[in-house]
Amino acid sequence: MQTRTLGKNGLQVSVVGLGCNNFGALDLERSRAVVHRALDAGITLFDTADVYGNRGGSEEQLGQILGPRRKDIVLATKFAMQMDDAGAKQGGSRAYIFEAVEASLTRLKTDYIDLYQMHRTDPKTPIEETLGALNDLVQQGKVRQIGCSNMPAWQVADSQWVSKTKGLAVFATAQDEYSLIVRDIEKELARALEHYGMGLLPYFPLASGLLTGKYKQGEPVPENTRFARMGRFGDRYMTAQNWDIVAALETYATERGHTLLDLAFSWLIARPYLSSVIAGATKPEQIDANVKAAGWAMTADEVKDIEKITRKA
């Protein structure tokens with residue numbers, strides 16, 4: 001398993017990470033099987049959030065499963081999403097961050113979080129307040145590094161300036177949607193990440209499954225898949241243009257002895273600002289496939305070929 005750093009001076013993590021958003025929806029034993037296979041495969045980055053698993057379920061399952069193996073991984077979680085029906089428990093205020101981190105530590109059965117990420121921006125709270133609170137958590141040893149998610153490039157730059165001028169902890173990573181199909185971050189955010197030495201943790205790296213090869217144009221959507229359960233994802237990704245791109249990508253990969261999944265992972269790993277590909281799994285076999293998919297060391301010419309195919313995306 002290859003490793004990279006979380007940002008310029010960050011922790012070492014496996015280039016394939018495990019997204020834990022399915023935990024809490026899966027029963028405990030199914031989640032346990034996925035976690036154990038990931039550990040056996042050399043995956044060291046486990047990414048969850050307080051809101052995953054119907055508000056707390058994912059963190060609770062990880063806390064029960066990891067036990068003494070907690071020390072073997074880089075554990076990442078997030079805060080800021082709404083954690084109650086009334087809307088009181090959310091955001092990036094100092095008071096809420098201190099409340100949220102204690103709740104996550106309790107559910108995860110740990111006394112520190114390796115990467116604590118702001119899940120979304122909070123327009124009601126100055127970024128100075130948020131960064132000040134996160135810096136205090138780093139100083140207290142409850143958090144090792146901090147990251148952001150779904151933050152526009154201008155605010156990433158602003159947060160870096162605030163941290164450096166006030167001597168606060170800086171965001172080491174950004175977690176945003178990025179795949180061969182969805183490439184919006186290339187407009188501004190990717191350049192900001194490179195400039196500030198931040199690492200990218202892409203979510204939905206397989207376009208919610210479109211890049212796995214399990215969906216076929218003109219055929220019924222397989223049962224018990226994300227597109228079957230949540231039709232909005234199918235409506236978003238299964239467009240005529242995307243089907244054309246997927247078909248061309250699959251042909252390109254097959255001609256070189258690879259799968260579409262191999263291409264999706266390895267193209268991401270070829271990006272210079274990529275720290276780890278966060279991919280979820282509901283069964284151990286998916287872990288094996290994800291790890292294998294990262295093994296194609298793409299050449300510069302192959303990357304250029306993919307650029308031509310996906311340019312319209």
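Everything quoted here is computed from the prediction, not taken from an experiment.
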Exercise for review: Answer yes if the side chains of Y196 and Y273 hold a donor-acceptor pair under 3.5 Å, and no otherwise.
Suggested key: no
**Study point:** Minimum heavy-atom distance V182-E177, with the two atoms named
**Key:** CG2-OE2, 3.5 Å
Exercise for review: State, to 0.1 Å, how close S159 and V156 come at their nearest heavy-atom pair, and which atoms those are.
Suggested key: OG-O, 2.7 Å
**Study point:** Single hit among D27, V34, L28 for side-chain contact (heavy atoms from CB on, under 4.5 Å) with R30
**Key:** D27
Study note, to complete from the structure: side-chain contact (heavy atoms from CB on, under 4.5 Å) test vs L263 passes for just one of T254, L268, L180, namely L180
Check your understanding: Given L75 and L62, is the side chain to side chain contact (heavy atoms under 4.5 Å, CB included) satisfied, shown in steps?
Key -> CA-CA 10 Å; L75 183 56; L62 276 173; 4.3 Å; yes
**Study point:** Set of residues satisfying salt bridge (Lys or Arg N to Asp or Glu O under 4.0 Å) with respect to D47, sequence neighbours excluded
**Key:** K78
Practice item. Report the relative orientation of the aromatic rings in Y52 and H119; use parallel for angles under 30°, tilted for 30 to 60°, perpendicular for over 60°. Key: perpendicular
Revision key, fill the gap. Of all heavy-atom pairs linking V291 and I43, the shortest is CG2-CD1, 4.1 Å
Exercise for review: Report yes or no: does K109 contribute a side-chain atom to a donor-acceptor pair with the main-chain N or O of T106 at less than 3.5 Å?
Suggested key: no
**Study point:** Under-4.0 Å salt bridge between E186 and R191
**Key:** no
Check your understanding: If we ignore angles and hydrogens, is there a donor and acceptor under 3.5 Å between the side chains of R183 and T310?
Key -> yes
Review point. Would you find more than 12 non-hydrogen atoms of other residues, nucleotides or ligands less than 6.0 Å from Q140 atom CD?
Key: yes
Point to revise | All salt bridge (Lys or Arg N to Asp or Glu O under 4.0 Å) counterparts of D111, not counting sequence neighbours | key: none
Check your understanding: Is it true that D40 and R37 make a salt bridge, defined as a side-chain N closer than 4.0 Å to a carboxylate O?
Key -> no
Exercise for review: Could I get the full list of salt bridge (Lys or Arg N to Asp or Glu O under 4.0 Å) partners for D136, not counting sequence neighbours?
Suggested key: R94
Check your understanding: Can L39 be reached from V277 by stepping across I, L, V, M, F, W or Y side chains whose heavy atoms are under 4.5 Å apart?
Key -> yes
Practice item. May I ask you to decide whether E29 forms a salt bridge with R32, counting only side-chain N to carboxylate O separations under 4.0 Å? Key: yes
Review point. For K187, does the NZ atom sit with more than 12 other heavy atoms under 6.0 Å from it, leaving out its own atoms?
Key: no
N/O donor-acceptor pairs under 3.5 Å from side chains in residues 164-171, not counting sequence neighbours:
from	atom 1	to	atom 2	distance (Å)
T165	OG1	W161	O	2.8
T165	OG1	V162	O	3.2

Review point. Have Q12 and T5 got a donor and an acceptor in their side chains that come within less than 3.5 Å?
Key: no
**Study point:** N-O pairing of K304 and E307 below 4.0 Å
**Key:** no
Practice item. Establish, from distance only, whether the side-chain atoms of W296 and E302 form a donor-acceptor pair under 3.5 Å. Key: yes
**Study point:** By side chain to side chain donor-acceptor pair (under 3.5 Å) - contacts of R256 (at least two apart)
**Key:** Y252
Review point. Should V101 and Y112 be counted in the same cluster of Ile, Leu, Val, Met, Phe, Trp and Tyr side chains packed under 4.5 Å apart?
Key: no
Check your understanding: Any luck finding a side-chain donor-acceptor pair between T125 and S93 under 3.5 Å?
Key -> no
Review point. Are any non-hydrogen side-chain atoms of R120 and M81 less than 4.5 angstrom apart?
Key: yes
**Study point:** Closest heavy-atom pair and its distance - I97, G92
**Key:** CD1-O, 3.4 Å
Exercise for review: Check A172 against L6 and note the closest heavy-atom contact, atom names and distance.
Suggested key: CB-O, 3.8 Å
Check your understanding: What are the two closest non-hydrogen atoms of I269 and A294, and how far apart are they?
Key -> CD1-CB, 3.4 Å
Check your understanding: Are side-chain N/O atoms of Q286 and T282 paired as donor and acceptor at under 3.5 Å?
Key -> yes
Exercise for review: For E59 and T48, test the side chains for any donor-to-acceptor distance below 3.5 angstrom and give the result as yes or no.
Suggested key: no
**Study point:** With D114 via salt bridge (Lys or Arg N to Asp or Glu O under 4.0 Å) - residues at least two apart
**Key:** R70, R144
Review point. Is the side chain of S163 donor-acceptor paired with the backbone N or O of Q160 at a distance under 3.5 Å, no angle test?
Key: no
